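Single-structure report; data block below.
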Protein chains: 2
Amino acid sequence: MKWKELEEEPCSMARTIGVIGDRWTLLILRECFLRTRRFEGFQSALGITRHLLAERLKKLVRQGILRRIPYQESPKRHEYILTQKGIDLYPIMMAIVHWGDTHMVDERGRPLLHQHRKCGKDFDPVMVCSECGEPLSAKEVHTHPGPGARSLPEKSAPETRKAKARSRAA
Amino acid sequence: MKWKELEEEPCSMARTIGVIGDRWTLLILRECFLRTRRFEGFQSALGITRHLLAERLKKLVRQGILRRIPYQESPKRHEYILTQKGIDLYPIMMAIVHWGDTHMVDERGRPLLHQHRKCGKDFDPVMVCSECGEPLSAKEVHTHPGPGARSLPEKSAPETRKAKARSRAA
DNA sequence: ATCTTACAGTTCTATTTTAGAACTATAAGG
DNA sequence: CCTTATAGTTCTAAAATAGAACTGTAAGAT
């Protein structure tokens with residue numbers, strides 16, 4: 001599988017990974033949500049090479065995740081602003097941060113806290129079912145093919161070689 | 001910033017990205033959630049080179065995301081099973097899939113649907129506030145330094161050069 | 001009028017990663 | 001003895017990334 005093909009895979013995860021699934025892109029997006037907008041801002045905040053930064057920004061604009069907007073004439077200068085498509089990445093960012101907060105903090109605790117303006121409290125993000133509102137856990141979810149599926153053979157429980165031999169013998 | 005340093009950054013997102021933020025790792029984890037457990041299973045499902053697969057699996061085991069469990073003796077064979085730390089990645093996976101379902105589907109529709117066993121319906125994941133239960137949106141969240149912060153200077157609103165000149169002149 | 005700085009890139013070489021294919025090893029089954 | 005299944009390892013070529021220097025426009029300082 002080549003990287004260009006990823007975006008054509010019949011899998012929403014593969015397609016998304018094709019767009020945002022590399023390390024610098026994710027960090028650039030973090031900066032966007034922290035209100036960084038300009039080339040130099042990204043560069044100094046991240047220490048990314050200018051070459052790669054330019055390339056990643058171009059890609060994000062092509063993908064419709066950032067919009068490149070002029071903020072001054074002569075010399076022409078542009079800012080990079082999240083589109084709605086980009087803002088919709090927020091749950092991914094929060095899910096990533098939350099996992100890090102749970103499993104990667106050192107003894108000093110969380111680097112950042114998130115306050116919900118509506119209720120005023122520091123919170124954690126919780127993922128719930130859109131239909132019943134209950135928190136989701138992996139084993140309560142059954143995945144099945146949708147209209148855009150190509151094929152997804154059901155996997156049977158793995159057998160040991162000996163078990164296979166036994167069942168063939170029977 | 002080098003990749004080894006990522007995991008020591010005072011940012012839960014950078015640390016998490018250091019662990020799972022590359023394309024193959026994310027796809028391997030997708031397969032784990034679809035119940036793939038064995039080397040050949042990952043390899044044939046993903047088309048990843050055997051070399052990289054071996055390396056990524058080792059890393060995931062080192063990080064405590066997968067556990068390597070023997071399922072037969074002679075020749076010794078192992079399966080890779082998600083630990084709790086690995087299972088906790090589920091919201092990240094679902095958030096990624098959901099963004100793809102929203103922004104990357106073709107005319108045929110979603111490749112996969114997710115059914116919630118508790119309520120029986122196909123659902124979308126929704127991220128809510130742990131404190132008040134309301135759905136979260138980026139602009140209702142205020143980010144501020146926590147106990148593990150190193151420093152996070154507040155960013156002022158960007159100015160144009162002309163505006164800067166004006167304010168200096170004033 | 002010239003000099004320095006800010007900004008947003010582009011270009012170049014060296015290093016690191018990844019792709020792709022072939023090879024190794026153990027044991028079962030025919 | 002030969003083939004297959006499984007889980008790797010090793011090798012070379014191609015691609016991506018790091019790191020530093022360079023380009024171009026214009027403002028402000030000297």
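Chain A is the first sequence line, chain B the second, and so forth, proteins listed ahead of strands; every chain is numbered from 1. The structure displayed is predicted, hence computed values, not measured ones.
- Going from atom CD of Glu55(A) over to atom P of dA18(D) covers 11 Å, rounded to whole Å.
- The interatomic distance linking Leu53(A) (CG) with dA16(D) (C1') rounds to 16 Å, in whole Å.
- In the set dA19(C), dA25(C), dG24(D), dA25(C) carries the atom at the smallest distance from any side-chain atom of Arg77(B).
- Under the 4.5 Å side-chain heavy-atom criterion for Ile, Leu, Val, Met, Phe, Trp and Tyr, Met94(B) and Val105(B) are members of distinct hydrophobic clusters.
- In this model, the phosphate group of dT9(D) is approached by a side-chain N or O of Lys58(B) to a distance below 4.0 Å at OP1 or OP2.
- His78(A) has its NE2 atom 19 Å from the P atom of dG24(D), to the nearest Å.
- Under 3.5 Å, the side chain of Arg50(A) and the base of dA8(C) form at least one donor-acceptor pair of N or O atoms.
- Between Trp24(B) and dA19(C), a side-chain N or O to OP1/OP2 separation shorter than 4.0 Å is present.
- A cation-pi arrangement is absent between Arg56(A) and Phe42(A) under the rule of less than 6.0 angstrom and at most 45 degrees off the ring axis.
- Rounded to whole angstrom, the span from the CD1 atom of Ile48(A) across to the P atom of dA8(C) amounts to 15 Å.
- The side chain of Ser74(A) sits closest to dA26(D) out of dA8(C), dT17(D), dA26(D).
- Residue-to-nucleotide proximity on DNA chain C shows that, of Leu57(A) and His51(B), the 5′-proximal contact is made by Leu57(A).
- Using a 4.0 Å heavy-atom cutoff across all strands shown, Phe42(B) reaches no nucleic acid atom at all.
- Ranking dA18(D), dG8(D), dT26(C) by closeness to the Ala54(B) side chain, first place goes to dG8(D).
- Atom-to-atom, CZ of Phe39(B) to C1' of dG8(D) comes out at 6 Å; the value is rounded to the nearest Å.
- Cation-pi geometry between Arg37(B) and Tyr71(B) is not satisfied (NZ or CZ under 6.0 Å from the ring centre, within 45° of the ring normal).
- With respect to Arg38(B) and Glu79(B), a salt bridge is recorded, a charged nitrogen being found less than 4.0 Å from a carboxylate O.
- Rounded to an integer number of Å, the gap from CD of Gln72(A) to P of dA8(C) is 8 Å.
- If you measure from atom CZ of Arg56(A) to atom C1' of dT10(C), you get 16 Å, rounded to the nearest angstrom.
- Comparing atom distances between the Thr49(B) side chain and each of dT26(C), dG20(C), dA18(D) picks out dG20(C) as nearest.
- Among the atoms of the strands shown, only primed sugar atoms or phosphate atoms (P, OP1, OP2) are found under 4.0 Å from some heavy atom of Arg68(B).
- Between Tyr71(A) and the phosphate of dA8(C), there is a side-chain N or O to OP1/OP2 separation shorter than 4.0 Å.
- In this structure, CG of Asp22(A) is placed 14 Å from C1' of dT18(C), rounded to the nearest angstrom.
- Scanning all heavy atoms of the two residues, the minimum distance from Trp99(A) to Met104(A) falls at CZ3-CG, 3.8 Å.
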